[in-house]
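One structure below.
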Amino acid sequence: MNTAAVITKEELLKHWLGHRNLTRRTIEKFPEAELFTYAVPGMRTFGELANELISIAVPGLTGIVNRQVEAYAEANKYTSKAAILEVWDQHTEELKHLWGQLKEENFHETFNLFGQYEFPVIENILYFIDNEIHHRAQGYVYLRSLGIEPPFFWER
């Protein structure tokens, strides 16, 4: 298999951190009450979505780095914007630390993320980023329906 890089490991981290910064700014835009109460019927609140994102990125990357398969769990339910932002910032620093432990030669090795998603490491990482973008887009819809201008998506 040819594994020639189109993007470097450092560039991918920069890309991911740009998305994390944008998601953080999206969380900041939400009024406290609406963060946990406002949703389209059949969908979760942005507070619930933020809790999911917190439960995926760093726990998943920790599993990949340590080669430990652990079931997905939303163990912590943060119930305030301040708490979500605080753990978001902590997780961003943890993500950077964990990223330094990843080896590029392992990106194409299969890893069973959360015991459910058996894909190459790079695909699991791209899932973390894609999932965040997907849920942030839901937050954008909520903000717009509340009459709040979301952050410009290109300002990462």
Side-chain angles (χ1 to χ4, degrees), residues 6-30 34-36 38-81 83-102 104 106-145 150-156:
V6 172
I7 184 172
T8 67
K9 179 182 165 195
E10 292 75 26
E11 289 168 332
L12 181 56
L13 176 61
K14 181 181 176 185
H15 178 77
W16 190 1
L17 293 175
H19 281 292
R20 286 190 65 82
N21 179 50
L22 185 53
T23 301
R24 186 189 198 289
R25 291 184 10 248
T26 304
I27 296 165
E28 287 176 324
K29 286 271 190 170
F30 265 86
E34 282 80 0
L35 183 60
F36 298 98
Y38 188 78
V40 170
M43 293 175 59
R44 295 174 286 168
T45 67
F46 193 60
E48 291 172 295
L49 298 174
N51 273 300
E52 176 190 307
L53 295 174
I54 288 168
S55 299
I56 288 178
V58 167
L61 194 57
T62 299
I64 289 169
V65 167
N66 296 323
R67 302 309 246 176
Q68 294 177 335
V69 177
E70 294 190 20
Y72 171 77
E74 277 189 43
N76 297 309
K77 297 284 186 180
Y78 301 98
T79 58
S80 73
K81 182 167 43 172
I84 287 175
L85 290 171
E86 181 179 350
V87 75
W88 192 265
D89 292 342
Q90 290 169 355
H91 276 208
T92 298
E93 292 307 310
E94 287 179 54
L95 188 150
K96 291 181 208 175
H97 175 74
L98 289 163
W99 194 260
Q101 297 175 52
L102 280 175
E104 285 183 61
N106 300 124
F107 276 32
H108 296 282
E109 291 180 3
T110 299
F111 180 75
N112 192 358
L113 181 68
F114 301 125
Q116 298 178 37
Y117 310 105
E118 193 149 348
F119 298 107
V121 167
I122 187 63
E123 289 184 29
N124 287 320
I125 291 168
L126 293 173
Y127 162 76
F128 301 151
I129 298 167
D130 291 346
N131 189 53
E132 181 177 331
I133 293 167
H134 164 73
H135 287 318
R136 184 177 64 238
Q138 291 173 289
Y140 272 45
V141 170
Y142 290 170
L143 286 173
R144 286 190 187 284
S145 69
F152 296 126
F153 74 90
W154 57 86
E155 290 182 352
R156 293 189 300 246

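- With 3.5 Å as the limit, one finds a donor-acceptor pair spanning the side chains of His19 and Arg136.
- Two residues are said to be in side-chain contact when any heavy atoms from C-beta on lie closer than 4.5 Å; Leu143 and Phe46 fail this criterion.
- Put simply, the side chain of Ile129 reaches to within 4.5 Å of the side chain of Leu12, judged on heavy atoms.
- Smallest separation of non-hydrogen atoms from Glu118 and Thr110: CG-CG2, 3.2 Å.
- A 4.5 Å side-chain heavy-atom check between Lys77 and Glu48 finds every atom pair outside the cut-off.
- Taking CG of Leu95 as the reference point, atom CH2 of Trp16 lies at 4.0 Å (rounded to 0.5 Å).
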Test log, rule side chain to side chain contact (heavy atoms under 4.5 Å, CB included), inputs Asn51 and Thr79: CA-CA 9 Å; Asn51 273 300; Thr79 58; over 6 Å; no

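- Tyr140 and Phe152 make their closest contact through OH-C, 4.0 Å (heavy atoms, listed as atom of the first residue, atom of the second, distance).
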Intermediate values then yes/no, salt bridge (Lys or Arg N to Asp or Glu O under 4.0 Å), Lys14 and Glu11: CA-CA 5 Å; Lys14 181 181 176 185; Glu11 289 168 332; over 6 Å; no

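- Side-chain contact between Phe111 and Arg67 is present, with at least one heavy-atom pair separated by less than 4.5 Å.
- Minimum interatomic distance between Arg24 and Asp89 (heavy atoms only, all atoms of both residues): NE-OD1, 2.6 Å.
- Minimum heavy-atom separation, Gly60 to Leu113: CA-CD1, 3.7 Å.
- Rounding to the nearest 0.5 Å places CG of Asn124 at 11.0 Å from CZ of Phe107.
- A salt bridge links Glu52 with Arg44: the closest approach of a Lys/Arg side-chain nitrogen to an acidic carboxylate oxygen falls below 4.0 angstrom.
- Taking the side chain as every heavy atom from C-beta outward, Pro59 and Glu70 never approach each other to under 4.5 Å.
- Salt bridge absent: Lys29 and Glu34 never bring a charged side-chain N and a carboxylate O closer than 4.0 Å.
- Using a 4.5 Å cut-off on side-chain heavy atoms (C-beta onward), Glu123 and Tyr117 make no contact.
- Here the CD-OG1 distance, from Gln101 to Thr62, works out to 8.5 Å after rounding to the nearest 0.5 Å.
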Side chain to side chain contact (heavy atoms under 4.5 Å, CB included) between Thr92 and Asn21, intermediate numbers included: CA-CA 9 Å; Thr92 298; Asn21 179 50; over 6 Å; no

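- With a 4.5 Å cut-off on side-chain heavy atoms, Thr26 and Phe153 do not count as touching.
- Here the side chain of Lys81 pairs a donor or acceptor atom with the backbone of Phe30 at under 3.5 angstrom.
- Donor-acceptor pairing under 3.5 Å is lacking for the side chains of Thr45 and Tyr142.
- Trp88 places a side-chain N or O within donor-acceptor distance of the main-chain N or O of Arg20, the cut-off being under 3.5 Å.
- Contact between Asn112 and Val69 at its shortest, heavy atoms only, is O-CG1, 3.3 Å.
- Counting non-hydrogen atoms of other residues, nucleotides and ligands closer than 6.0 Å to NE2 of His97 gives a total of 12 or fewer.
- Side-chain atoms of Glu109 and Asn106 form a donor-acceptor pair, as typed in the model, at a separation below 3.5 Å.
- A side-chain N or O of Glu132 and one of Thr23 form a donor-acceptor pair less than 3.5 Å apart.
- Atoms CD1 and CG, on Ile27 and Leu53 in that order, are 7.5 Å from each other to the nearest 0.5 Å.
- Contact record, Gln116 with Tyr72: NE2-CB, 4.1 Å, taken as the closest heavy-atom pair.
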